[in-house]
Amino acid sequence: MKYNPSKIEKKWQKTWLKEGVYEPNFKNPREKGKFYNLMMFPYPSAEGLHVGNMYAFTGSDIYGRFKRMAGHDVLEPIGLDGFGIHSENYAIKVGTHPADQTKKSEKNFYRQLTEIGNGFAWKEKLETYDPEYYKWTQWLFIQMFKNGLVYRKKQPVNWCPSCKTVLADEQVILAHRNLGEVGGGECERCGTKVIKKDLEQWFFKITDYAERLLNNLEDIDWSEKIKVAQRAWIGKSEGALLKFSIAKSQSVIDVFTTRADTLYGATYMVLAPEHPLVNELKSQITNWDEVQAYREKAKGKTDIERTAEGKEKTGVELKGIKAINPANNQEISVWIADYVLAGYGTGAIMAVPQHDERDAEFAKKFDLPFSDAPLVAVDEIVKKVSGKKITQYRLRDWLISRQRYWGPPIPMIHCEKCGWQPVPEKDLPVKLPKIEDFRPTGTDQSPLASVEKFYKTKCPNCKGEARRETDVSDTFLDSAWYYLRYPSANHKEEAFDPDVTKKWLPVDMYIGGAEHAVLHLLYVRFVAMALHDWGFLNFEEPMTRFRAHGLIIKDGAKMSKSKGNVVNPDEYIKKYGADALRMYLMFLGPFEQGGDFRDEGVAGITRFLNRVWALIDKVQKEDVAEIQKTLHQTIKKVTEDIEGLHYNTAISQLMILLREIEDVEVISRSQFEMVLKLLAPFAPHITEEIWRTVLKNKKSIHLEAWPEYNTKHLVEKTANLVLQINGKTREVMVVDRDLSEAQVKELVLASEKMQRHLDGKTIKKFIYLPNRLVNIVTE
RNA sequence: GCGGGUAUGGCGAAAUGGCAGACGCGCCAGCCUUAGGAGCUGGUGGCCGCAAGGCCGUGGAGGUUCAAAUCCUCCUACCCGCACCA
């Protein structure tokens, strides 16, 4: 019988589905308890899953299969993050309706996800664009609203001119800044330069959770780089709020400073050009035209131009205005300059050229005084000038509305009399109507705004004429709670079944891309905390453990369509089989580091699998002593390596074991079965085929118990003692274990080789590490 | 600029402070075959040497240690995050 991957893989995929091998028992998990193994679900935007997705899914699946065999009831769910700009843009590109395109993509994605051989719980699959799903996304929005975490506000917001919608701060990527290229931020989806627009939008008050989002990081087992990124994004800084009064006026300028101790050195003040106080002081400003011109310029200037100008300071003095330094009552000048940001702190600063580089630069340019005033104690000065110690965060509220079609309509109704009202929960879902003209309008409104049938409605409160919100919510809201839905995917009454949730949440292992560090991975934590506070969840942190997987490149370069080096996994599965592709991907390098895909490499794994297949002919009854040691070493190493996601070294060890087995004539059935089990998470098809078809076992190998190693096989009678002279290895001596130092010394000094190297030298020191090493130090 | 990470053969990589380069690719030699982009066996960091063996070697420069890829200091390059955040 020859190993024929394409034949056996399809067969077992069907059988697994039919037998429900990967369906957990939600009510009564197996002896070791539940294990929720989650991989970030994909968004079906492109032609299909690329090899990078397969890499991530395989890595996650190996972990899940391992946990299942280790006795856990594993939930490894799958779904599609199919709502959102990415899917809609793709539909526009290929000229179909998103609803139709998604159905097509869905089929293709699920086919691919089946063919890679993952142990998914298909009965719990979900799609975010399914009304049965987004009904609860809307419910979540309403809970946010009812709990005071939603507000509308007009302010300058990020606008993508290509996607024709607003974006959250997290969705604006600051790239190319240092490359001298103009660019003040690009749309996370399409790469277009983002501009600022003054618009009224819906926001989620994620900033209320800033402190907890920061503090909880200490307690969760997440990849360090994600924690670092989140800490930076939240950007906590502790300082003081100080008041500067304006001479001959009632007005006061609040400033936030982390250096209250330098207050005596504050020689001027700067307001952001957008600061509201500027208008208030108009009548006193003697150079209003100049001020107004600068403000106009700053407003029209997007970050694009600011960056193009480098960090050269610009600004205009508010002539006629003087502020008073509360520490020494000296009058100081007041300026507006765009190096002060309206959105951070109070939008105003006290400038201390002596202690702040930026202030120094500005002072130099505009010939402002430098003070060498001494530092004072923070607490003292804050008290003296009646200031207040406060904490600032860099984090901004989550802009949640989008002027697009393909998303869950925001479940809010506006009534002229009663104001904004949430849609009554019994009326959910607010279904997204299938409309012909779904393209973004560019009018600051969603295409739904021109669909009267959709927006015309009654006020839930007074029953009068009212208008439905026509914006949809951000895709990241869909994915901010999907992990809660999986175990309750077939539950109709609530977003998630309280009993099942109590049993199955939080997620035990979450694997995904690091690019979501301050996007999805921040939102998902915020939403869990809110749900916890409203009494829906008994945990605050949704994922106990998170690991970021590495990225796959091709022949040393990033994969991209323009380079034509995109690896299509379908071709490789067809040619080599899913098992070979899985193992090759995992063998490339450490899972958390990624690797370089090269076609030649697949051959090594194919050879390996063929040789495993050939072992079939070696099986007999009795255990074979020669391989016991390596076999048990392999159990130990593979177990530890999978736990640490070191799949590449686990596979190396399996290769070493295979070679040893090939050196013996025969092996026992039970030894062979252990080998198959160790290999099963990596190569689920070939192991199942041998397990059931050849060895005639009834039950799936993937439900078998993970092998345990016996330390008695690991202990050896002899040790390889490394003999060094002055740190240089001269000989490796096989000695009985656990000899005394004196015995070892005698043996070592008797060695001809050692004698040669020691000839004429005086031994100064004799270092002995039992069973491992001897180092002789000479004069 | 600040923070985090990485740097090891021709390539992907491996090494609780203790034999650097496991494992795999590629390459070389041999076997097998009508044939090989198949399979098997052996070899494969560099330099010197017929060999035994020796010397050098983990981005660079120092240091700690009996012993450093690993720990410390400084430097260089690349990657990631934040960035005029007061």
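Here the structure is a predicted model, which means the values were calculated and not measured. Naming convention: chains lettered A, B, ... in sequence-line order (proteins, then strands); numbering from 1 in each chain.
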Nearest to the Y344(A) side chain among A20(B), A14(B), A86(B), which nucleotide is it?
A86(B)

Listed nucleotide nearest any side-chain atom of K765(A), set A15(B), C84(B), C66(B):
C66(B)

In Watson-Crick or G-U wobble terms, both distances under 3.5 Å, what is the partner of G1(B)?
C82(B)

Looking at A67(B), G53(B), G54(B), which one has an atom nearest to any side-chain atom of K753(A)?
G53(B)

I want to confirm an ordering. Mapping Q653(A) and K575(A) to their closest nucleotides on RNA chain B, which one lands closer to the 5' end?
Q653(A)

Tell me the partner of G17(B), counting only Watson-Crick (N1-N3 plus N6-O4 or O6-N4) or G-U wobble (N1-O2 and O6-N3) with both under 3.5 Å; none if nothing fits.
none

Distance in angstrom units between I553(A) CD1 and C80(B) P, rounded
12 Å

Picking from C55(B), A22(B), G18(B), which would you name as closest to the side chain of Q724(A)?
G18(B)

If I pick the P atom on A13(B) and the same atom on G59(B), what distance separates them, to the nearest angstrom?
14 Å

Among all residues two or more places apart in sequence or in another chain, which pass the ring-ring contact (aromatic ring centres under 6.0 Å, His included) test with Y576(A)?
none

Pair assignment for C23(B), Watson-Crick or G-U wobble, requiring both distances under 3.5 Å
G12(B)

With a 4.0 Å cut-off on heavy atoms, is R659(A) in touch with a base, just the backbone sugar-phosphate, or nothing at all?
sugar-phosphate

Has K728(A) got a side-chain N or O lying under 4.0 Å from the OP1 or OP2 atom of C56(B)?
yes

Considering every strand and a 4.0 Å limit on heavy-atom distances, what is the contact class for K764(A): base, sugar-phosphate, or nothing?
nothing

Crowded around K554(A) NZ? As in, over 12 foreign heavy atoms under 6.0 Å?
yes

Whole-Å gap separating P (A14(B)) and OH (Y647(A))
15 Å

Under 3.5 Å on both distances, the Watson-Crick or G-U partner of A69(B)
none

P atoms of A35(B) and U44(B), separation to the nearest Å
29 Å

Mind calculating the distance between CZ (R598(A)) and P (C27(B)) to the nearest angstrom?
14 Å

Can you check the E660(A) CD to A22(B) C1' distance for me, whole Å?
13 Å

Touch class at under 4.0 angstrom, heavy-atom based, for G235(A) against every strand present
nothing

Residue that, paired with I776(A), satisfies side chain to side chain contact (heavy atoms under 4.5 Å, CB included) out of R730(A), Q724(A), M754(A), K765(A)
M754(A)

Which of V255(A), I246(A), I336(A) passes side chain to side chain contact (heavy atoms under 4.5 Å, CB included) with M269(A)? It is V255(A)

Rounding to the closest angstrom, what is the interatomic distance between A20(B) and G30(B) at atom C1'?
30 Å

N720(A) has its side chain closest, among A13(B), C19(B), C66(B), to C19(B)

Considering only atom P, compute the distance from G12(B) to A7(B) and round it to an integer number of Å.
12 Å

Compare the minimum distances between each of C23(B), G26(B), A86(B) and the side chain of R607(A), then state the nucleotide with the smallest one.
G26(B)

When the C1' atoms of G24(B) and C74(B) are compared, how many Å lie between them, rounded to an integer?
37 Å

Applying a 4.0 Å non-hydrogen cut-off, can you work out what H757(A) is touching in the nucleic acid: base, sugar-phosphate, or nothing?
sugar-phosphate

Output the rounded distance in Å from CE (M586(A)) to C1' (G24(B)).
15 Å

Against the side chain of L588(A), the closest entry in G81(B), G12(B), A15(B) is G12(B)

Classify I656(A) by what it touches in the nucleic acid, base, sugar-phosphate, or nothing, heavy-atom distance under 4.0 Å.
sugar-phosphate

Working to the nearest 0.5 Å, report the span between CE of M583(A) and CG of D579(A).
8.5 Å

Can you identify which nucleotide, out of C82(B), A86(B), A22(B), has its nearest atom closest to the W233(A) side chain?
C82(B)

Could you check if the base of G36(B) is syn or anti? Syn means the glycosidic torsion is within 90 degrees of 0.
anti

Under 4.0 angstrom, heavy atoms only, what part of the nucleic acid is L769(A) near: base, sugar-phosphate, or nothing?
base

Side-chain N or O of N648(A) less than 4.0 angstrom from OP1 or OP2 on G24(B)?
no

Between G24(B), A14(B), G18(B), which nucleotide has the shortest distance from any of its atoms to the side chain of F587(A)?
G24(B)

Any strand is fair game: report the nucleotide pairing with G45(B) by Watson-Crick or G-U wobble, both distances under 3.5 Å, or none.
C56(B)

Integer angstrom distance from the C1' of A15(B) to that of U8(B)
10 Å

If you only use heavy atoms from C-beta on, which nucleotide in A86(B), C19(B), G4(B) is closest to the side chain of L341(A)?
A86(B)

Rounded to the Å, how far apart are E662(A) CD and G39(B) P?
13 Å

Are F203(A) and W398(A) near enough that their ring centres are under 6.0 Å apart?
no

Do other residues, nucleotides or ligands put more than 12 heavy atoms under 6.0 Å from the NZ atom of K365(A)?
yes

Heavy atoms of other groups near E224(A) CD, more than 12 under 6.0 Å
yes

For R756(A) and I767(A), find the nucleotide of RNA chain B closest to each by heavy atoms; which residue's nucleotide sits nearer the 5' end?
R756(A)

Just the rounded figure in Å: distance from P of G81(B) to CZ of R231(A).
17 Å

What distance, rounded to whole Å, do you find between the two C1' atoms, one in G9(B) and one in A22(B)?
13 Å

By the 4.0 Å heavy-atom rule, please label T729(A) as base, sugar-phosphate, or nothing.
sugar-phosphate

What I'd like to find out is whether the side chain of L263(A) reaches to under 4.5 Å of the side chain of F244(A), using heavy atoms alone.
yes

Calculate the interatomic distance between L551(A) atom CG and C78(B) atom C1'; express it in whole Å.
15 Å

Same-atom distance (C1') from C25(B) to U70(B), integer angstrom:
27 Å

Hunt down the Watson-Crick or G-U wobble partner of C50(B), both distances under 3.5 Å, from any strand shown, or write none.
none

Determine the contact category for N726(A): base if any of its heavy atoms lies under 4.0 Å from a base atom, sugar-phosphate if only primed atoms, P, OP1 or OP2 are that close, otherwise nothing.
nothing

For C31(B), the Watson-Crick or wobble counterpart (both distances under 3.5 Å)
G39(B)

Taking any strand in view, what nucleotide pairs with U64(B) in a Watson-Crick or G-U wobble way, both distances under 3.5 Å?
none

